[in-house]
Amino acid sequence: MTSWTETTSPLPLLFRRRSSGEIRNLASVSSSMLPAFGTVVDEGHLQLKKFVIAPYDRRYRWWQAFLVLLVIYSAWASPFELAFKKVATGSLMPVDLVVDAFFAVDIVLTFFVAYLDKSTYLLVLDHKKIALRYVISIYFAMDIVSTLPIQLIYRMFTGNSHYAQVFGFLNLLRLWRLRRVSELFKRLEKDTRFSYFWIRYIKLICVTLFAVHSAGCFYFWMATHHKTLSNTWIGTQVNDFEHKSIWLCYTYSIYWATVTLTTVGYGDLHAVNSGEKIFSIFYMLFNIGLFAYLVGNMTNLIVHSAVRTLFMRDAINEIFRYARKNRLPEGLKEQMLAHMQLKFKTAELQQEEVLEDLPKAIRSSISQHLFRRTVEKTYLFKGVSEHLTVQLASEMKAEYFPPKFDIILQNEIPTDFYILVFGALDVLKYKNGTEQFLSKLGSADLVGEIGVFFNTPQPFTVRTKKLSQVIRISHHHFKEMVQPQNEDGMIMIKNFIQHLKDLKQEMLQEIPFLTESLDELNIEHIQANENTQYNELVNFHGDTNMEETNETSTQGAITLRVIIHGHHPDEGDTNGKLIHLPESMDDLLRLAEKKLGKRGSTVVMGDGSQVEELDALRDNDHLFIF
């Protein structure tokens, strides 16, 4: 069995290095370094063996980045030395030897770099296994042949420099090192610290430059090895070109390769002999594929950056068609357009599709960070337990609304209530065909709770005054969270009653039933019987389909609220009085006389059925007493 010193999960090592500052961004770590699902991570063993290098070690990554710079030089020098053999044994030879020395050092280091076992996803730390894996792989053989200075070794042993062209082609083996550049771009494309667009753009440029450089150098090599130098593509333009400046010939070569790649074809430099024509044919066929690759990638990058704009334009056009077909008012159409535009502008802030894919614990932590302070400042939740506050913040859904947008409409069915995070809201009332301003709301203010708590149509219209963010919660979710929390429910009832009493007189006048019932909603009465706290809170949420409460809860305390009218159901519709249902029929008749100003003897429902037992009534029933 493999011991812990030979294999270990890479995750604890990742944590150790991240905490010590060696890895600052998880996005820079290759996905192959993460353990598979179900891998047991033993955090008790975090130390690497002696002389073992972690593949994600910061210093090793810097070394790899330095080698990439040397690879860029090798990619330029190898074709260049093939075409211009003078530099291969002259000015560039010392540079090549230094570069090869660095890659030789990397070969030695590779024998000490731990690797990830693909079958177990454990980091292998055993020296023998690391060395054996590297030696038997193709990488070791190719690294050796691409690093050895074969031409220098041959000259040292034979004393001559024959077969220069053979060594020129062998130098092309250094292009094996280009795999390091490919791996670098793959890692950078996944690294969120860098722009994906610019990484891909730079990669495409590098591919194009390498193709132009290689084709130009090889085309010049063909000209220098033709039997008749004047019967070549460059010989017809430059007399005695083999004795001209290297950089002049290189400029001609790159010019031809670029003109051919871009399909311009001025005709000043063209293939003359059969070999050049055959090479030009294959080069132009290659250019077709390269051009398609470049155009396809650039198109994807550009379209990807504009796809959200295209979706927004399509959505706006759909709104225009819908409004025109249904002849919607201009103001309503403007609200629809403003909401749609704001939806796309704030998509990056909300990212609902991203949050849905996250675990619930992470989503809850995000909600706590964003909304908890706002929830704690709201009057309704002041003094409640931390447990309930955490639950409330986790269930909140954030929304953005443009200016002059109706969040709540008067007389609509209550389903949610809202807390304003930032922005400003106006509370309005439509009366006799006119719109009346009642009050202005700011950060942490609550709206829509009156309709939700009393299970009545919303008494006011709430409209945004400027760009606003609100968080909302469904009253069904709210009730499910509050039902088990009797103490917190009592605190919220106190806060709600106090808020109602603190409302402006103008707002109270617009809610007739509320004015009459405030005297009944006193804290001392609610505190008289602790067993009724739960039911009182539930009834405030307007659960008209709630099951009957137990006998203890329905006696001697406020359990139900009903609306009384002082006339027969068929005699007209007038505003009733909201009261708490007394314990007996006689008490109900006496309270009705006090509220309605006349004595009645018969109690019926809206459908005309006579009420004989108060226990049969439900919350918010309409009673007609005459």
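These numbers come from a predicted model, not from an experiment. Start at 1 with the first residue, then count along the sequence.
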Handout entry: Residue list, side-chain hydrogen bond (donor to acceptor under 3.5 Å, both in side chains) with Arg472, at least two apart or on another chain
Key = Glu399
Practice task
Would you kindly say whether Ser394 and Gln368 are connected by a side-chain donor-acceptor distance under 3.5 Å?
Solution key: yes
Practice task
Taking the side chain as every heavy atom from C-beta outward, state whether Ile471 and Val375 have any pair of such atoms under 4.5 Å apart.
Solution key: yes
Practice task
Please tell me if the side chains of Phe460 and Leu428 come closer than 4.5 Å, counting only heavy atoms from C-beta onward.
Solution key: no
Exercise for the section: For the residue pair Ile408 and Phe417, establish whether any side-chain heavy-atom pair is separated by less than 4.5 Å. Expected result: no
Problem - Phe437 backbone acceptor or donor facing Asp426 side chain under 3.5 Å - result: no
Handout entry: Sidechain-backbone polar pair: His565 side chain, Phe624 backbone, donor-acceptor under 3.5 Å
Key = no
Exercise for the section: For Glu487 and Met492, run side chain to side chain contact (heavy atoms under 4.5 Å, CB included): C-alpha distance rounded to whole Å, both residues' side-chain angles, the deciding distance at 0.1 Å, then the answer. Expected result: CA-CA 9 Å; Glu487 294 183 3; Met492 285 188 287; over 6 Å; no
Handout entry: By salt bridge (Lys or Arg N to Asp or Glu O under 4.0 Å) - contacts of Glu334 (at least two apart)
Key = none
Handout entry: Exceeds 12 heavy-atom contacts within 6.0 angstrom, atom OH of Tyr322
Key = no
Problem - Polar side-chain atom of Thr464 near backbone of Pro402 as donor-acceptor pair, under 3.5 Å - result: yes
Handout entry: Residues Phe626, His568; criterion ring-ring contact (aromatic ring centres under 6.0 Å, His included); working and verdict
Key = CA-CA 6 Å; Phe626 55 91; His568 191 276; 5.1 Å; yes
Exercise for the section: Give a yes or no on whether the backbone of Leu294 and the side-chain of Asn297 come within a donor-acceptor separation of less than 3.5 Å. Expected result: no
Practice task
Go through the steps to decide whether Ile450 and Leu503 satisfy the test side chain to side chain contact (heavy atoms under 4.5 Å, CB included), and finish with yes or no.
Solution key: CA-CA 12 Å; Ile450 295 179; Leu503 287 177; 4.2 Å; yes
Practice task
On the 0 to 90° scale, with breaks at 30° and 60°, tag the Phe401-Tyr418 ring pair as parallel, tilted or perpendicular.
Solution key: perpendicular
Problem - Side-chain (Asp488) to main-chain (Ser385) donor-acceptor, under 3.5 angstrom - result: yes
Handout entry: Test log, rule side chain to side chain contact (heavy atoms under 4.5 Å, CB included), inputs Leu446 and Tyr379
Key = CA-CA 8 Å; Leu446 190 65; Tyr379 80 86; 3.8 Å; yes
Problem - Nearest heavy-atom neighbours spanning Leu420 and Gln469 - result: CD1-O, 3.5 Å
Handout entry: Greater than 12 external heavy atoms within 6.0 Å of Lys203's NZ
Key = yes
Exercise for the section: Provide the closest heavy-atom pair for Lys382 versus Lys377 in the form atom of the first, atom of the second, distance. Expected result: CE-O, 3.3 Å
Problem - Pair Glu330 + Lys333, salt bridge at N-O below 4.0 Å - result: yes
Completion exercise
Ser468 and Gly423 have their tightest heavy-atom pair at OG-CA, 3.5 Å
Handout entry: Approximate separation, where rounding is to 0.5 Å, of Asp621 CG and Leu614 CG
Key = 11.0 Å
Exercise for the section: Can you sort out the partners of Asp406 under side-chain contact (heavy atoms from CB on, under 4.5 Å), two or more places apart, ordered by chain and number? Expected result: Gln335, Leu409, Thr461, Arg463
Handout entry: Full working for side chain to side chain contact (heavy atoms under 4.5 Å, CB included) between His499 and Leu380
Key = CA-CA 8 Å; His499 172 72; Leu380 186 64; over 6 Å; no
Exercise for the section: Determine, stepwise, if the pair Arg321 / Glu318 fulfils salt bridge (charged side-chain N to carboxylate O under 4.0 Å, His left out). Expected result: CA-CA 5 Å; Arg321 284 193 290 267; Glu318 290 293 333; 2.4 Å; yes
Handout entry: Main-chain N/O of Ser474 paired to Lys479 side chain as donor or acceptor, under 3.5 Å
Key = no
Practice task
Would you name the heavy atoms of Ala398 and Phe371 that are closest together and state the gap between them?
Solution key: CB-CZ, 3.5 Å
Problem - Heavy-atom closest contact (Val452 atom, Asp416 atom, distance) - result: CG2-O, 3.7 Å
Exercise for the section: Could you label the plane-to-plane angle of the Tyr201 and Trp198 rings as parallel, tilted or perpendicular, counting under 30° as parallel and over 60° as perpendicular? Expected result: perpendicular
Handout entry: Distance-minimising heavy-atom pair for Tyr196 and Glu189
Key = CD1-O, 3.7 Å
Practice task
Would you kindly say whether Gln410 and Tyr430 are connected by a side-chain donor-acceptor distance under 3.5 Å?
Solution key: no
